[in-house]
*Asks:* 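Sending over a structure as structure tokens; questions will come in a sec.
Heavy-atom basis, side chains included; hydrogens, waters and symmetry copies ignored.
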Amino acid sequence: VQLVESGGGLVQPGGSLRLSCTASGFDFHLFAVSWYRQVPGKEREFVATIDSGTKNLAYIDSVKGRFTISRDNGKNTVYLQMNNLKLDDTAIYYCNINNMGWWGQGTQVTVSS
């Protein structure tokens, strides 16, 4: 099982980034996937989730209307489109396969002026 996140970087407040998480080693299309984020010294925080059929989505309140989770099962990839980024969005972002305990290595997102 491998999950590889990418797409992080440095962006100014109000900017956008699209994170990707590409999976291998299992039947990706069967599983719900979530994005989490973590700031050093704080607990990892749920951000968004998408079910295997892409019909059920959920977000933490602080990102609703700004972030969009999606997936392409043909590419074994889940995305997190992040718009109107704020300073508080700075964190390491991880993808997670729900209920399996599988995590990627994370990708750093830094929002700074």
*Asks:* Between L3 and Q105, which heavy-atom pair has the shortest distance, and what is it?
*Replies:* O-OE1, 3.4 Å

*Asks:* Is the shortest heavy-atom distance from the side chain of R37 to the side chain of L80 under 4.5 Å?
*Replies:* no

*Asks:* Relative to each other, are the rings of F26 and F31 parallel, tilted or perpendicular (30° and 60° limits)?
*Replies:* perpendicular

*Asks:* Please confirm whether the backbone N or O of C95 pairs with a side-chain atom of E5, one donor and one acceptor, at under 3.5 Å?
*Replies:* yes

*Asks:* Hey, mind stepping through V39 and T90 against side chain to side chain contact (heavy atoms under 4.5 Å, CB included) and telling me if it holds?
*Replies:* CA-CA 7 Å; V39 175; T90 295; over 6 Å; no

*Asks:* Stepwise, does the side chain to side chain contact (heavy atoms under 4.5 Å, CB included) test hold for W103 with R44?
*Replies:* CA-CA 12 Å; W103 295 88; R44 197 166 292 189; 3.1 Å; yes

*Asks:* First locate atom CG of D89, then atom OG1 of T110, and finally report the distance between them rounded to the nearest 0.5 Å.
*Replies:*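 Answer rounded to 0.5 Å: 11.0 Å.
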
*Asks:* Can you tell me which residue among D72, T77, N76 is in a side-chain hydrogen bond (donor to acceptor under 3.5 Å, both in side chains) with T22?
*Replies:*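 Of the listed residues D72, T77, N76, the side-chain hydrogen bond (donor to acceptor under 3.5 Å, both in side chains) partner of T22 is T77.
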
*Asks:* Which is it for I60 and F67 under the side chain to side chain contact (heavy atoms under 4.5 Å, CB included) test, yes or no, and what are the steps along the way?
*Replies:* CA-CA 10 Å; I60 191 174; F67 290 12; over 6 Å; no

*Asks:* With distance as the sole criterion, is a donor-acceptor pair present between the side chains of N83 and S16 under 3.5 Å?
*Replies:* yes

*Asks:* Can you measure from CD (E45) to OH (Y93) and round to the nearest 0.5 angstrom?
*Replies:* 8.0 Å

*Asks:* Could you measure the distance from the OG atom of S70 to the CG atom of L57? Nearest 0.5 Å is fine.
*Replies:* 9.0 Å

*Asks:* Ignoring hydrogens and angles, tell me if any N or O in the side chain of S20 forms a donor-acceptor pair with the backbone of Y79 under 3.5 Å.
*Replies:*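 Here the side-chain-to-backbone pair does not exist.
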
*Asks:* To the nearest 0.5 Å, what is the distance between SG on C21 and CH2 on W35?
*Replies:*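 Here the interatomic distance stands at 5.0 Å.
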
*Asks:* Do V4 and I97 share a hydrophobic cluster, counting only Ile, Leu, Val, Met, Phe, Trp and Tyr and linking them when any side-chain heavy atoms are less than 4.5 Å apart?
*Replies:* no

*Asks:* Testing the 3.5 Å rule here: is there a donor-acceptor pair between the side chains of N96 and S34?
*Replies:* no

*Asks:* What is the minimum heavy-atom distance between I69 and V33, and which atoms define it?
*Replies:* CD1-O, 4.0 Å

*Asks:* Going hydrophobic residue to hydrophobic residue with side-chain gaps under 4.5 angstrom, can you get from V1 over to F28?
*Replies:* yes

*Asks:* Return the CD to CG distance between Q12 and L87, rounded to the nearest 0.5 Å.
*Replies:* 11.0 Å

*Asks:* Can you check salt bridge (charged side-chain N to carboxylate O under 4.0 Å, His left out) on K64 and D61, steps first, answer last?
*Replies:* CA-CA 5 Å; K64 286 180 180 177; D61 285 347; 2.9 Å; yes

*Asks:* Check for a donor-acceptor pair, side chain of Q38 on one end and backbone N or O of A91 on the other, with a separation under 3.5 Å.
*Replies:*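 Judged by distance alone, no pair lies under 3.5 Å.
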
*Asks:* Looking just at side-chain N and O atoms, do S62 and D88 make a donor-acceptor pair shorter than 3.5 Å?
*Replies:* no

*Asks:* Can you get from L30 to V78 by hopping between Ile, Leu, Val, Met, Phe, Trp and Tyr side chains that sit under 4.5 Å apart?
*Replies:* yes

*Asks:* What's the separation between atom CG in L19 and atom OG1 in T107, rounded to the nearest 0.5 Å?
*Replies:* 6.0 Å

*Asks:* What are the two closest heavy atoms between R71 and D51, and how far apart are they?
*Replies:* NH1-O, 3.0 Å

*Asks:* Which pair of heavy atoms, one from G106 and one from I92, lies closest together, and at what distance?
*Replies:* CA-CG2, 3.8 Å

*Asks:* Between R66 and Y59, is the side chain to side chain contact (heavy atoms under 4.5 Å, CB included) condition met? List the steps.
*Replies:* CA-CA 10 Å; R66 301 188 298 120; Y59 301 89; over 6 Å; no

